[in-house]
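Structure record follows, encoded as structure tokens.
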Amino acid sequence: MNALGLLRQRFASALHVWVDNPDASISDKSETAGPVLDEKTIQSLVELVLPSQDARFGDYQANCPMPLGKRLGRPPREVAEQLVGRLQIDDFCEPPTIAGPGFINVRLKDSWLIGQLQKAVTDDQRLGVHPVASPRTYVVDYSSPNVAKPMHVGHIRSTVIGDAICRVLKFLGHRAISDNHIGDWGTQFGMIIYGYKHFVDEAAFQEDTVAELSRLYQLVNGLVEYHDIRDQQLPALEQKITEQQQKVEQAEGALDPGATPAVTPPKEQKKAAKRMRQAKSQLAEYRQQLADLQKKLAHVEDHPQRAAMAAAHADIRASALAETAALHEGDATNVSLWKRFLPPCLAEIDETYQRLGVTFDHALGESFYHDQLAGVVASLTEKGLVRESDGAQCVFLQESQAPLIVQKQDGAYLYATTDLATIQYRMRTWSPDAILYVVDHRQSLHFRQLFTTARLWAYPDVELEHISFGTVLGEDGKPYKTRSGTAVGLSGLLNEAVSRAHAIVSANDDGRPEPMLSADQRRQVAQRIGIGAIKYADLAHNRTSDYVFSYDKMLAMTGNTAAYMQYSYARVRSIFSRGEVDIRALRTLAAPLGLDSPAERALAMTLLQFSEALERVASDYRPNHLTNYLFQLASRYSEFFEQCPVLKADSP
RNA sequence: GCACCCGUAGCUCAAUUGGAUAGAGCAUCGGACUACGAAUCCGAAGGUUACAGGUUCGACUCCUGUCGGGUGUACCA
């Protein structure tokens, strides 16, 4: 149990006096003494015991006297005094003080702090962090790339955040099962199969299967897009522009520059002006979109070979879909192609995971659930949740106008169906208390619909969470894309980070009187710094907000970055080695510790709050609490070294 | 149109979920290198938390409205 947990426990028993003995709170008006605290209230009051934000207020503070005073109808400071009177914490805390409107400030005893620290030092596996008393079972669903499409920048967050959450849960003693829900059965396979049948370059396929499949995917997808733009998007957009032009004209009509305030109130004029502005900017956006689409068309049409290809495959969209459908129906050729394509694609993805140091307990892709989908729809129908609409099987919910479609007009199933089958499988296999989906925020509606449906269907109690995160932006503040507008490939991203790290490492080493790193060592250090920088930058941002991707910032030696954390660690190790300190001996020795300077005590305090940081990560699934903690810890080390040159100290 | 998310220092981001004087890094200014790792450290300056109301002991956080931005919205995943 960490200090915070211990304190909360003691506060809880002190607060219980009001439950067990309601009269205790009553000095004069025993008749009207209604307010007996229930367990839930006590729980919420106990949660108001928190680490202090400011060292002047001690180590921890209890903010509960204010709400409690309100509830009891008595001055908070009086309640605080009574609470302090009942609080038994003198075995590990200094006498608490009351401040301000009724804050109770608590300072841990140095002797207790030292004792805890010694325990942590000798516990090199868990650093003094106790496993949770009641472990839960979690399924964590993250990364989920589409096979056959190269992984891109969009996959980094899900992969890294999901992995971090899973590790933290496991370390805290929970049962956490990671499951990579790979997209290995969708429309993109139809495209690849179509591409293979019509455009494959056999030599290239033998040489580098994944690269050739990726080329085929992009080729077919490009052709599908071309026809889609030409036949659907462009006419629709032109229609929109015409309508928008009319809107602008109307808005202009409503805007009467000669209007007198008497006839048209200023407020109305302002509104009209605003509508006008908005209509115009919308029109400009549509025109921009039009230009983009025309550029894409020109890319094909101005290129005789591509144009010929597009003309020869006019029905490519339908044909590719037909290939997907054939695969799903068990067509022998397509299934055997799928079986050939899948392993090299998975190997490619695994390589990226290895570079990132990310692992999974399971990787049950969409194809795994294929034969369960009909059963899901049947079961939903049986429960009366499904209604047919326009030939599709739909679940209508309050969440939105649009239903959750579980079976298309043509009988095919969708990802909603697969997701439901996945929930069913996970519940049957692992009976989790919670299933976490680490997926970007654009899918929030889908998950709301999915979760509601799952609860109505069969699983009312499981905690289903969409752990959403924001978009990765370029330095221009727009979604991070290459200049040609396609998503930035993940492996190229990692390469770039490593090569920049290599340049920095080399420059620094060359700057020394005598360079100390071999070429091999430089490469190894660059790997660690480059990959670490990307992962850390991702984890350090509050996951719900978008964040700006910047190599310079993530590789900076100062601030809350991986490189700085690695520097700090190296510095500590370096001091150990200069002082010829044997770390293993130190761990078993349990040498006597002293907390003589404020910087030393602050460092000790922060070290012991590691478990609190982990608990915060787990409670709302935000790894940035952990990076914040690490940055704070690194700062405390640096302050400590500044003030206490340990190698020059008289006593060990 | 409807729904969801966001708006914090010049820039990039925090803020323990309603707690005391809103914190870091970059950039700016001023200090510290015969260095326990200067690949750094210490300090200064920088804020009406988009705006206007409300709720209460107490609001960046909750509620209402306004302004600005993003995302999603019937058979892709």
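Below, chains carry the letters A, B, ... as their sequence lines are ordered, and counting in each starts from 1.
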**OP:** Carefully, step by step, assess A:Ile423 and A:Leu450 under the rule side chain to side chain contact (heavy atoms under 4.5 Å, CB included).
**Re:** CA-CA 10 Å; A:Ile423 292 174; A:Leu450 177 70; 4.2 Å; yes
**OP:** Run the numbers on A:Ile161 and A:Leu539 for side chain to side chain contact (heavy atoms under 4.5 Å, CB included), then give the verdict.
**Re:** CA-CA 6 Å; A:Ile161 294 171; A:Leu539 295 175; 4.3 Å; yes
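A:Trp185 is linked by a side-chain hydrogen bond (donor to acceptor under 3.5 Å, both in side chains) to A:His328, counting only residues two or more places apart in sequence or in another chain. Contacts of A:Asp390 classified as salt bridge (Lys or Arg N to Asp or Glu O under 4.0 Å), with partners at least two apart in sequence or in another chain: none. Scored by the side chain to side chain contact (heavy atoms under 4.5 Å, CB included) test, A:Ala501 finds A:Ala526, A:Ile529, A:Leu555 as partners (sequence neighbours excluded). Residues satisfying the side-chain hydrogen bond (donor to acceptor under 3.5 Å, both in side chains) criterion with A:Tyr621, sequence neighbours excluded, are A:Glu463. Taking A:Arg77 as the reference, nothing meets the salt bridge (Lys or Arg N to Asp or Glu O under 4.0 Å) condition, with sequence neighbours excluded. Partners of A:Asp538 according to the salt bridge (Lys or Arg N to Asp or Glu O under 4.0 Å) rule, which considers only residues two or more places apart in sequence or in another chain, are A:Arg157. Listed by chain and number, the residues in a side chain to side chain contact (heavy atoms under 4.5 Å, CB included) with A:Asn146 are A:Lys149, A:Gln188 (sequence neighbours excluded). Taking A:Tyr415 as the reference, A:His446 meet the side-chain hydrogen bond (donor to acceptor under 3.5 Å, both in side chains) condition, with sequence neighbours excluded. Every residue two or more places apart in sequence or in another chain that forms a side chain to side chain contact (heavy atoms under 4.5 Å, CB included) with A:Val617 is listed here: A:Val168, A:His625, A:Leu626.
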All N/O pairs under 3.5 Å across the protein-nucleotides 12-15 of chain B interface:
residue: B:rC13; atom: OP1; partner: A:Val548; partner atom: N; Å: 2.7
residue: B:rA14; atom: OP1; partner: A:Asn542; partner atom: N; Å: 2.5
residue: B:rA14; atom: OP1; partner: A:Ser545; partner atom: OG; Å: 3.2
residue: B:rA14; atom: O2'; partner: A:Asn628; partner atom: ND2; Å: 3.0
residue: B:rA15; atom: OP1; partner: A:Asn624; partner atom: ND2; Å: 3.3
residue: B:rA15; atom: OP2; partner: A:Asn542; partner atom: ND2; Å: 3.4

Collect all protein-nucleotide pairs involving nucleotides 37-40 of chain B in which both atoms are nitrogen or oxygen and the distance is under 3.5 Å.
residue: B:rG37; atom: OP1; partner: A:Ser574; partner atom: OG; Å: 3.1
residue: B:rG37; atom: OP2; partner: A:Ser574; partner atom: OG; Å: 3.1
residue: B:rG37; atom: OP2; partner: A:Arg578; partner atom: NE; Å: 2.9
residue: B:rG37; atom: OP2; partner: A:Arg578; partner atom: NH2; Å: 3.1
residue: B:rG37; atom: O2'; partner: A:Tyr567; partner atom: OH; Å: 2.9
residue: B:rG37; atom: N7; partner: A:Ala570; partner atom: O; Å: 3.3
residue: B:rG37; atom: N7; partner: A:Ser574; partner atom: OG; Å: 2.9
residue: B:rA39; atom: N7; partner: A:Arg512; partner atom: NH2; Å: 3.2
residue: B:rA39; atom: N6; partner: A:Arg512; partner atom: NH2; Å: 2.8
residue: B:rA39; atom: N3; partner: A:Asn508; partner atom: ND2; Å: 3.4
residue: B:rU40; atom: OP1; partner: A:Met557; partner atom: O; Å: 3.4
residue: B:rU40; atom: O2'; partner: A:Tyr567; partner atom: OH; Å: 3.3

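For the 3.5 Å distance criterion, the side chains of A:Glu615 and A:Asn2 qualify, holding a donor opposite an acceptor.
Taking atom C1' in both B:rA32 and B:rG10, the straight-line distance is 28 Å, to the nearest Å. With C1' as the reference atom, B:rC62 and B:rU55 are 8 Å apart, rounded to whole Å. On the P atoms, B:rG72 is 40 Å away from B:rU56, given to the nearest whole Å. B:rU61 sits 13 Å from B:rA52 when the P atoms are compared, rounded to a whole Å. Taking atom P in both B:rA24 and B:rC63, the straight-line distance is 30 Å, to the nearest Å. Going from the P atom of B:rA39 to that of B:rA44 covers 25 Å, rounded to whole Å. If you take atom C1' in B:rC13 and the same atom in B:rG18, they sit 23 Å apart, rounded to whole Å. When the P atom is compared between B:rG7 and B:rC29, the two are found 31 Å apart, to the nearest whole Å.
Within the 4.0 angstrom heavy-atom criterion, base atoms lie near A:Ala99. A:Arg56 comes within 4.0 angstrom of a nucleotide base, judged by non-hydrogen atoms across all strands. Residue contacts for A:Pro403: at a heavy-atom cut-off of 4.0 Å it reaches a base atom on one of the strands shown. Backbone-only engagement by A:Glu639 is indicated by non-hydrogen atom pairs under 4.0 Å involving sugar-phosphate atoms exclusively. Heavy atoms of A:Ser389 sit under 4.0 angstrom from at least one base atom. Among the protein residues, A:Tyr637 comes within range of no part of the nucleic acid, since none of its heavy atoms lies under 4.0 Å from any strand.
Between the CD atom of A:Glu642 and the C1' atom of B:rA35 there is a distance of 12 Å, rounded to whole Å. Rounded to an integer number of Å, the gap from CD of A:Gln393 to C1' of B:rA74 is 13 Å. As rounded to whole Å, 15 Å separates atom C1' of B:rG19 from atom CZ of A:Arg77. For the pair A:Arg387 CZ and B:rA74 C1', the interatomic distance rounds to 12 Å; values are reported in whole Å. The CD atom of A:Gln188 sits 14 Å away from the P atom of B:rC76 (whole-angstrom rounding). Here the P atom of nucleotide B:rG70 and the CG atom of A:Asp476 are 13 Å apart, to the nearest Å. Between A:Asn63 atom CG and B:rU56 atom C1' the separation is 15 Å, expressed in whole Å. Distance, A:Phe447 CZ to B:rG72 C1': 14 Å, rounded to whole Å.
Judged by closest nucleotide on RNA chain B, A:Glu47 is the one of A:Ile104 and A:Glu47 placed further toward the 5' end. Where A:Phe641 and A:Asp54 each meet RNA chain B at their nearest nucleotide, the meeting point lying more 5' is that of A:Asp54.
In summary, A:Lys478 and A:Asp476 do not engage in a salt bridge, as defined by a charged side-chain N under 4.0 Å from a carboxylate O.
Looking at A:His370, its side chain never comes within 3.5 Å of a backbone N or O of A:Ser367 through a donor-acceptor pair.
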Original post:
Once Watson-Crick and G-U wobble pairs under 3.5 Å are found, how is RNA chain B written in dot-bracket notation, 5' to 3', with | for any base paired to another strand?
Top reply: (((((((..((((.....[...)))).(((((.......))))).....(((((..]....))))))))))))....
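Each of B:rU71, B:rA77, B:rA20 was ranked by its minimum atom distance to the side chain of A:Thr187; first place goes to B:rA77. With B:rG19, B:rC57, B:rC76 as the choices, the nucleotide that has an atom nearest any side-chain atom of A:Lys70 turns out to be B:rC57. For A:Ile405, counting side-chain heavy atoms from C-beta on, the closest listed nucleotide (B:rA74, B:rG19, B:rC4) is B:rA74.
Remark: the A:Asn105 side chain and the B:rA20 base include a donor-acceptor N/O pair separated by less than 3.5 Å.
Both geometric conditions, a ring-centre gap below 5.5 Å and a plane tilt below 30°, are fulfilled for A:Phe103 over the base of B:rA20.
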